[in-house]
Q: 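Just dropping this structure here.
Heavy-atom basis, side chains included; hydrogens, waters and symmetry copies ignored. Count residues from 1 along the sequence. Since this is a predicted model, take the numbers as computed values, not measurements.
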Amino acid sequence: MNCNILTQCVYVKKITSLAPGRTCLFGDHQDYLGLPVIACAIDRSIKLIAKENQTDTFVLNMVDINEIRVINIHEAFEKLEPRDYFASSLRVLRRYGCKPTSGYTITITGDIPINSGTSSSSALLMAWIRFLIEAFGVDHEVTPEFLSKLGYESEVLEHGEPGGMMDHFSIGVGNIVYINTKKPFSFNVIGTGLKGLITGVSGVPKETIGLLGELKGNALMAIDIVKQNYPQFDLNSSEIKDLDKYRNCLPDRLIPFFEAAIRNYYFTKEAFKEFEKPVLDLKKIGALMNGHHEILRDLLKITVPRIDAMINAALKAGAYGAKIVGSGGGGSIVVIADPKNEDGVIKAILYAGAQEAYAVNVDPGVRIIDNIEI
């Protein structure tokens with residue numbers, strides 16, 4: 001509240017928005033192929049604390065990276081700079097009737113490791129979108145699905161990037177979510193908790209745009225060649241037993257990408273069956289996770305030595321399963337362990353060279369923590 005003896009008191013809004021990170025349990029490098037993904041939001045987050053400032057500017061104080069950015073609330077951003085998600089989301093939201101009318105000074109903090117494969121950039125985007133809608137409204141019912149689609153439009157479609165919908169729907173919907181990316185798109189919340197979940201951060205920066213583009217391009221090229229030779233081929237009904245037939249029409253360099261798509265799809269389908277059961281079998285889920293990782297490591301070759309060492313150490317310490325998360329080339333791992341053995345597994349991962357390792361819980365998704373007048 002701003003006031004003095006000569007003026008009336010002026011109340012200003014204070015809005016706090018929070019968005020979690022995410023981890024991919026099954027389906028890495030699948031969503032851009034129209035195949036399903038199983039992912040979950042985790043309780044590491046980005047928080048925006050926004051206070052109305054009686055100006056026409058957003059003052060973004062990004063504490064963790066020691067940067068400040070000032071954006072005019074009327075800026076149309078007709079031309080986007082690469083990966084400028086603050087700008088692209090403002091552009092997208094205007095189409096849905098969300099038009100800023102006052103400035104805010106915004107403090108941004110978080111505990112999601114940057115460039116680690118656990119979606120710090122998407123979490124920041126989703127927290128920003130949720131704040132903007134809370135502050136200025138929108139011509140649409142605000143649902144988890146709508147928020148997720150806004151994130152996808154702002155990050156992927158506006159910038160023409162090669163990613164899929166996993167990050168935005170994991171963060172926007174929260175919990176453990178099965179995302180069916182084929183048309184018609186759908187998603188199901190398949191769980192609200194998962195015991196024994198651990199994240200290990202390698203400290204090796206992941207490589208996103210270039211690696212994603214290359215893997216996506218090679219997989220789509222292989223699928224297209226198979227379709228030309230077998231017009232009835234449908235990736236969504238493919239089976240591992242049919243691989244030998246399809247391999248024959250592919251050049252050797254594309255076979256690993258096609259095989260990875262088929263095999264990773266198998267592990268995701270099998271994992272979904274487990275998550276549908278009333279009681280989770282962590283050992284079975286861990287074994288499927290190990291099989292999935294072998295494909296990511298041996299066929300797509302997206303791991304690095306430190307990631308391999310961390311996973312080997314986790315398994316030797318008794319973890320049920322472990323895999324690399326995200327685009328690859330570095331980043332993080334996700335581990336499933338006996339909850340009673342979490343500490344031992346975490347110590348082993350750290351000893352193997354991880355920058356960080358910690359237990360995580362499943363998070364309910366992006367949300368407004370408070371909206372008050374001060």
Side-chain angles (χ1 to χ4, degrees), residues 15 17-22 31-32 45-50 53 55-110 112-136 138 146-172 205-213 216 326-327 329 331 366:
I15 298 172
S17 172
L18 180 143
R22 71 94 185 95
D31 58 343
Y32 54 67
S45 60
I46 300 291
K47 182 188 291 185
L48 274 63
I49 301 175
N53 61 19
T55 74
D56 285 343
T57 58
F58 295 122
V59 181
L60 303 165
N61 182 12
M62 293 168 271
V63 175
D64 299 330
I65 59 174
N66 196 30
E67 287 186 12
I68 294 177
R69 180 175 179 184
V70 178
I71 299 174
N72 188 292
I73 66 171
H74 304 296
E75 175 63 54
F77 292 108
E78 293 179 4
K79 181 180 179 182
L80 290 176
E81 295 298 320
R83 308 202 77 184
D84 186 351
Y85 305 134
F86 289 117
S88 58
S89 53
L90 280 166
R91 197 161 82 168
V92 167
L93 280 165
R94 286 184 187 280
R95 298 177 197 146
Y96 291 92
C98 181
K99 299 176 181 178
T101 54
S102 62
Y104 280 79
T105 298
I106 303 167
T107 301
I108 302 172
T109 57
I112 306 174
I114 295 172
N115 206 23
S116 68
T118 48
S119 289
S120 59
S121 60
S122 295
L124 174 56
L125 167 67
M126 295 295 286
W128 169 243
I129 287 173
R130 190 65 192 88
F131 151 70
L132 291 170
I133 291 174
E134 186 72 10
F136 308 112
V138 69
F146 176 62
L147 292 169
S148 304
K149 287 182 176 179
L150 287 175
Y152 175 67
E153 288 184 32
S154 300
E155 183 169 347
V156 177
L157 299 185
E158 287 295 290
H159 289 274
E161 292 185 2
M165 297 180 174
M166 173 178 63
D167 294 353
H168 315 97
F169 273 81
S170 302
I171 296 167
K206 68 183 178 65
E207 205 290 297
T208 300
I209 302 300
L211 186 57
L212 265 179
K216 178 180 180 180
S327 55
V366 64

Q: Out of curiosity, Asp64 CG to Thr109 OG1, how far, rounded to the nearest 0.5 Å?
A: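 Interatomic distance, Asp64 CG to Thr109 OG1, rounded to 0.5 Å: 6.0 Å.
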Q: How about Lys216: does its NZ atom have over 12 heavy atoms from other parts shown lying under 6.0 Å from it?
A: yes
Q: What pairs with Tyr96 under ring-ring contact (aromatic ring centres under 6.0 Å, His included), at least two apart in sequence or on another chain?
A: Phe146
Q: Quick one: list whatever passes side chain to side chain contact (heavy atoms under 4.5 Å, CB included) with Leu80, sequence neighbours left out.
A: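 Partners of Leu80 by the side chain to side chain contact (heavy atoms under 4.5 Å, CB included) criterion, ordered by chain and then number, come out as Phe77, Ala87, Ser88, Arg91, Glu158, His159.
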Q: Does the pair Glu153 and Lys149 meet the rule for a salt bridge (Lys or Arg N to Asp or Glu O under 4.0 Å), with working shown?
A: CA-CA 6 Å; Glu153 288 184 32; Lys149 287 182 176 179; over 6 Å; no
Q: Suppose we screen for ring-ring contact (aromatic ring centres under 6.0 Å, His included). Which residues come up paired with Phe131, at least two apart in sequence or across chains?
A: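 If we apply the ring-ring contact (aromatic ring centres under 6.0 Å, His included) test to Phe131, skipping adjacent residues, the hits are Tyr104, Trp128.
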Q: Does Ser116 use its side chain to pair, donor to acceptor, with the backbone of Pro113 at less than 3.5 Å?
A: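 Yes, because the side chain of Ser116 sits within donor-acceptor range (under 3.5 Å) of the backbone of Pro113.
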Q: Identify, with sequence neighbours excluded, every residue that meets ring-ring contact (aromatic ring centres under 6.0 Å, His included) alongside Tyr152.
A: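 Result, ring-ring contact (aromatic ring centres under 6.0 Å, His included) vs Tyr152: none returned.
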Q: Between Asn72 and Thr57, do the side chains contain an N or O donor and an N or O acceptor separated by less than 3.5 Å?
A: no
Q: Would you please name every residue forming a side chain to side chain contact (heavy atoms under 4.5 Å, CB included) with Asp56, sequence neighbours left out?
A: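 Listed in chain order: Ile73, His74.
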Q: Output all residues satisfying side chain to side chain donor-acceptor pair (under 3.5 Å) with Arg69, sequence neighbours left out; order by chain, then residue number.
A: Asp84
Q: Within the 3.5 Å criterion, strictly below it, is a donor on Thr105 or Asn53 matched to an acceptor on the partner's side chain?
A: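 Per modelled atom types, Thr105 and Asn53 side chains form a pair under 3.5 Å.
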